Enquirer: 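I'd like to ask some things about the structure below.
Small disclaimer: the values here were computed from a predicted structure and weren't measured. The basis for the numbers below is simple: all heavy atoms, side chains too, and nothing from hydrogens, waters or symmetry mates.
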Amino acid sequence: MKIRTFNSLQFQKSHLQRSYPSSFHRFQTSATSSHAKKSNPFLSLAQDPNPTSFSVPYYSKLLSKCNASKTLYPGMQIHAHALKFGSTNDPKSRNFLISLYAKRKLFGYARKLVDESPEPDLVSWSALISGYAQNGLARDAIWAFHEMHLLGLKCNEFTFPSVLKACAFTKDLELGRQVHGIVVVNGFESDEYVGNSLVVLYSKCGKFGDSRRLFEDIPERSVVSWNALFSCYVQSDYFGEAVEFFREMVLSGIRPNEFSLSSMINACTGLEDSGEGRKIHGFLIKLGYDSDPFSKNALVDMYAKIGNLEDAVVVFEEIREPDIVSWNALIAGCVLHDKHDSALEFFGQMRLSGTHSNMFTLSSALKACAGIGLKELGRQLHCNLIKVNVGSDPFVHVGLIDMYSKSGLMNDARMVFNLMPDKDLIAWNAVISAHSQNGEDMEALLLFPLMHEAGVGFNQTTLSTVLKSVASLQVNYVCKQIHALSAKSGFESDRYVVNSLIDAYGKCALLEDATRIFRECLIVDLVGFTSMITAYSQSGQGEEALKLYLEMLDRGIEPDPYVCSSLLNACANLSAYEQGKQVHVHVLKHGFMYDNFAGNSLVNMYAKCGSIDDAERAFSSIPERGIVSWSAMIGGLAQHGHGKEALRVFNQMLKYGVSPNQITLVSVLCACNHAGLVTEAQNYFRSMKELFGFERMQEHYACMIDLLGRAGRLDEAMELVNTMPFQADGSVWGALLGAARIHKNVEIGQRAAEMLLILEPEKSGTHVLLANIYASVGMWNNVAKMRRLMKDCNVKKEPGVSWIEVKDKIYTFIAGDRSHVQSEEIYAKLDELSERLSKAGYIPKVEFDLHNVERDEKEKLLYHHSEKLAVAFGLIATPAGAPIRVKKNLRVCMDCHTAFKFISKIVSREIILRDINRYHHFKDGSCSCGDYW
């Protein structure tokens, strides 16, 4: 036994002894109070003028009745009477008193009686130990057993269960094994109740194999033994095993009782198995336990948590007098399944019924308020909490933080946290998560070291939440620090932390680290695969993402909507139309079409793969279209040049009552931009605050400036730059530079390029666009200067790369590429096209080539651009009449754009080209952009 525990118990013991006389005097006087006179049937004892008329056996008989009924005050009166007249030496009466005081948690009195006993017997110690154990004072029970053992008293079948229960409560397996040894030495291992306690001890300490062997060794197992076994399994979340034991018990002919069935209901809740739950419900009715309130509450909880709220309400309405547990189960189940209106309705009914809410009720009500944005009701509940003095409970504080944060009231959430007197780990996790969920990632990160300084520690939830903020901020060095801390603290193997690390490294573009963690993980689950697939997708490695998905299927892991969404995004980034369609088949196969997450990704994938018709069909199949769905469709139409159609869909969205966000308005302005709808764009831009309630962002200004620039209204575009309420960023100056290139405006081009070279010096596009402007007006000396500047600054022009998908494989081309196995055929096709193009009237746009060489050489260079190579390969590798889909990493050049219009007519094929800005559908000699790009 540890000395520290011994000393604290000795202090407690001496403290109780010192306070005993005054406390005892108080109950002596209270026993003769007027209240006691009215309610105490034994009052005549205290007033009898002849105490000798009461014998010791009579005292014992009265105390036995008090002990059996746990009637405290009459027992105290009898004790006072005995003390007054010197009749306290009877061991039997003393044991009844010890048992009574222990049961009623008056351990000072119980312990005093044990200590004052000349020779406390086994019954005295057993009563004291049992009282300690029953009331959760496990350490006191163990110490009392230790004292008793030192006195040489041997335990019996009544003492051992209490001691073993105390060992199980503290999960002290070493001491439990020592007690087990004493049990064996004293020959009580075959006793059912002692055996049950041993089963519980080893189960609670995680030794389920030993627990099962001890269970098998019990010679005559009753329903109590079985209950002890599978209740431990349920408490340790081994729900399936518990159900199997229950079946085994029923087959053995033992009739389950209400406690057996309640444990099984909890097991079915954990398994989320409504079928098995209904069978247990049937057992309850068949065996006549359906009126048992404990079982009824368990049924309400099971049906509510599984999501069968109608059945939960039916069972609830069968309860004659629902208590707070009944109401809490129903309300919490509604909140769990996002039925927040129903939760608040039941909360109101509960209050009308006169049942007083507790902290669990109020916590559920706060979550419901947060779920449907009822800020004012949440504040009212907060006021009620303060009035009833429950507001200081940590559990309620966390509920308030959650409610305020989900309502977007982070200042209030933070105030609740700051006013907490004792901030535990759960509270810290709640406020860090609140900042993270509200996009305040830097605040979340700054709280983590403060939490460490407060000495609270952290757990896997903390690390996962902090890593989420790290991923959003893309702070690589912090990601590595959190990884090191995870390894040091033993959380590196925790699957939640591992998955968060993979996600964080992937979003921080540290793909090698993400891959290493993924491959080193012994057991990778669906979330881990999803995180890694997402990392590949976001890093532009779509092919690796698709390979990993196939590996996941080979391991027998079934996909979910999120992994399908990541795959669809990978296909979208690659413009892998055929592979995207295959993923669509998986979405259909697994029934994810009604999932908004997967549906939105389908719209995005088809739009980015150039099939706007398929995107519209996917959009139409989404059952409940939110703002993400509408924005994806509007953005897709905009990128494909269907500006008016995009605006029609936007207006339709408004009619359905869906409010746009800032991203939606960016898509609307882009739609106007690609279609040249200047007036419409200006109207949306100017009335954004009045109509939709949010301020204009850099992206909105960039769209407007690009639109005005393309329309040739460069002065208005420049004025808008100068009058912006904030400093223009790279997107704004980039839009202006692009407009200057289109209209060959050297002055504005130079101004925009100067700002871009300051803001984004590492990007080669600025040098190239300015050089294009110089080349378009014949300023070849300036072109040469730009080339020298790029060389001196070590800025390399990003090479043009084009992709095409043929038979589920992605083929990549660069200008002048001859690495393809079919290069000869490709270049032969280009030569064939060259002759047919010339006859059709095509003239190469050599003025856009920056090389200072002869015209013939320029024409040759133009013919070998990456997008032309990809189209030529598409013509020889795909069936006649099939559309050719090509993606390019840069803006399509003017010459290729002109050539593709001719080619689409000559070969009678649609060519769908996706460049860095938008889609071009070339068909029958024209482009969907209307040459406005």
Side-chain angles (χ1 to χ4, degrees), residues 540-547 550 567 570-585 605-614 799-837 840 842 860-890 892-893 895-915 919-925 927-928:
Q541 298 191 29
E543 290 185 74
E544 290 299 320
L546 292 167
K547 287 178 186 176
L550 295 175
L567 275 175
C571 295
N573 292 334
L574 287 170
S575 288
Y577 176 71
E578 294 299 328
Q579 290 178 339
K581 286 202 296 185
Q582 290 178 25
V583 178
H584 189 174
V585 171
M605 183 274 293
Y606 279 124
K608 288 188 175 178
C609 288
S611 182
I612 199 66
D613 293 337
D614 287 324
V801 182
S802 297
W803 297 267
I804 184 171
E805 180 192 17
V806 177
K807 295 179 182 177
D808 295 338
K809 189 174 179 181
I810 307 297
Y811 296 89
T812 307
F813 295 90
I814 59 174
D817 191 1
R818 291 186 179 271
S819 61
H820 196 280
V821 292
Q822 292 179 273
S823 284
E824 289 187 13
E825 296 175 60
I826 292 168
Y827 279 91
K829 175 58 73 174
L830 284 174
D831 291 339
E832 176 196 329
L833 287 172
S834 176
E835 293 180 12
R836 297 177 69 181
L837 285 170
Y842 159 74
K860 187 177 179 182
L861 291 169
L862 289 173
Y863 267 118
H864 297 166
H865 275 190
S866 63
E867 54 265 59
K868 287 195 179 82
L869 293 171
V871 168
F873 176 65
L875 288 170
I876 63 176
T878 59
I884 297 171
R885 304 173 191 275
V886 175
K887 178 190 173 184
K888 187 176 181 180
N889 64 327
L890 304 175
V892 62
C893 80
D895 178 72
C896 289
H897 190 271
T898 304
F900 291 156
K901 287 193 289 184
F902 280 93
I903 293 171
S904 67
K905 187 173 184 179
I906 291 170
V907 299
S908 299
R909 300 274 286 269
E910 183 181 8
I911 300 171
I912 303 166
L913 174 67
R914 174 188 168 189
D915 69 8
Y919 282 87
H920 300 268
H921 292 254
F922 300 97
K923 189 174 183 181
D924 297 328
C927 180
S928 59

Enquirer: Look at the side chain of Gln579 and the backbone N and O of Cys571, then say whether any donor-acceptor pair between them is shorter than 3.5 Å.
Expert: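 Pair absent, no side-chain N/O of Gln579 close to backbone of Cys571.
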Enquirer: Return the minimal non-hydrogen interatomic distance between Ile810 and Ala576, and the atom names on each side.
Expert: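 Nearest heavy atoms, Ile810 then Ala576: CD1-CB, 3.9 Å.
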Enquirer: Backbone N or O of Phe873 within a donor-acceptor pair of the Lys829 side chain at under 3.5 Å?
Expert: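 The answer is no, because no donor-acceptor pair under 3.5 Å joins these two groups.
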Enquirer: Nearest 0.5 Å, what's the CG-CG distance between Leu550 and Leu567?
Expert: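 Going from CG on Leu550 over to CG on Leu567, the span is 8.5 Å.
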Enquirer: Can a donor-acceptor pair be found, under 3.5 Å and without considering hydrogens, that links the side chain of Arg885 to the backbone of Cys609?
Expert: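 Side chain of Arg885 to backbone of Cys609, a donor-acceptor pair under 3.5 Å: yes, one is there.
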Enquirer: So does Tyr863 get a backbone contact from the side chain of Asp895, meaning a donor-acceptor N/O pair under 3.5 Å?
Expert: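 Here the side-chain-to-backbone pair does not exist.
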Enquirer: Working to the nearest 0.5 Å, report the span between NZ of Lys905 and CG of Asp924.
Expert: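 With rounding to 0.5 Å, NZ (Lys905) is 8.0 Å from CG (Asp924).
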Enquirer: Below 4.5 Å, heavy atoms only, C-beta onward: do Asp817 and Thr812 meet side chain to side chain?
Expert: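 No, side chains not in contact.
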Enquirer: Quick check for you: to the nearest 0.5 Å, what is the distance between Ile906 atom CD1 and Leu837 atom CG?
Expert: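 Ile906 CD1 to Leu837 CG: 4.0 Å, rounded to 0.5 Å.
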Enquirer: Which atom pair, heavy atoms only, marks the closest approach of Lys888 to Ser866?
Expert: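 Heavy-atom minimum between the residues: CE-OG, 4.0 Å.
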Enquirer: Calculate, to the nearest 0.5 Å, the distance between atoms NE2 and CD belonging to His920 and Glu867 respectively.
Expert: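 Interatomic distance, His920 NE2 to Glu867 CD, rounded to 0.5 Å: 10.0 Å.
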Enquirer: Which word best sums up how the rings of His820 and Phe813 line up, parallel for under 30°, tilted for 30 to 60°, or perpendicular for over 60°?
Expert: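 Parallel, since the angle between the ring planes stays under 30°.
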Enquirer: Rounded at 0.5 Å granularity, tell me how far CG in Leu913 sits from NE2 in His921.
Expert: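 The NE2 atom of His921 is 10.0 Å from CG of Leu913, to the nearest 0.5 Å.
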Enquirer: Determine the minimum heavy-atom distance between Leu869 and Ile814, stating which atoms define it.
Expert: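 Heavy atoms only, the tightest pair is CD1-O, 3.2 Å.
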Enquirer: Any side-chain to backbone donor/acceptor pair from Ser904 onto Gly925? Under 3.5 Å, distance only.
Expert: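 Here the side-chain-to-backbone pair exists.
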Enquirer: Can you check whether Tyr827 reaches His864 side chain to side chain, under 4.5 Å on heavy atoms?
Expert: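 Yes - at least one pair of side-chain heavy atoms lies under 4.5 Å apart.
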Enquirer: Looking at every heavy atom in both Trp803 and Asn889, which two are closest together, and how far apart are they?
Expert: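 Taking Trp803 first and Asn889 second, the nearest heavy atoms are CZ3-N, 3.7 Å.
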Enquirer: Can you check whether Val583 reaches Met605 side chain to side chain, under 4.5 Å on heavy atoms?
Expert: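 No - every pair of side-chain heavy atoms lies 4.5 Å or more apart.
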Enquirer: Distance check, rounded to the nearest 0.5 Å: Lys581 atom NZ versus Asp614 atom CG?
Expert: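 Here the interatomic distance stands at 7.0 Å.
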Enquirer: Apply side-chain contact (heavy atoms from CB on, under 4.5 Å) to Leu833 and Leu875, showing your working.
Expert: CA-CA 11 Å; Leu833 287 172; Leu875 288 170; 3.8 Å; yes
Enquirer: Between Ala870 and Ile804, what is the shortest heavy-atom contact and its length?
Expert: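 Minimum heavy-atom separation between Ala870 and Ile804: O-CD1, 3.5 Å.
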Enquirer: Side-chain contact test, heavy atoms from C-beta onward, threshold under 4.5 Å: evaluate it for Cys896 versus Lys868 and give yes or no.
Expert: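 With C-beta onward as the side chain, the pair touches.
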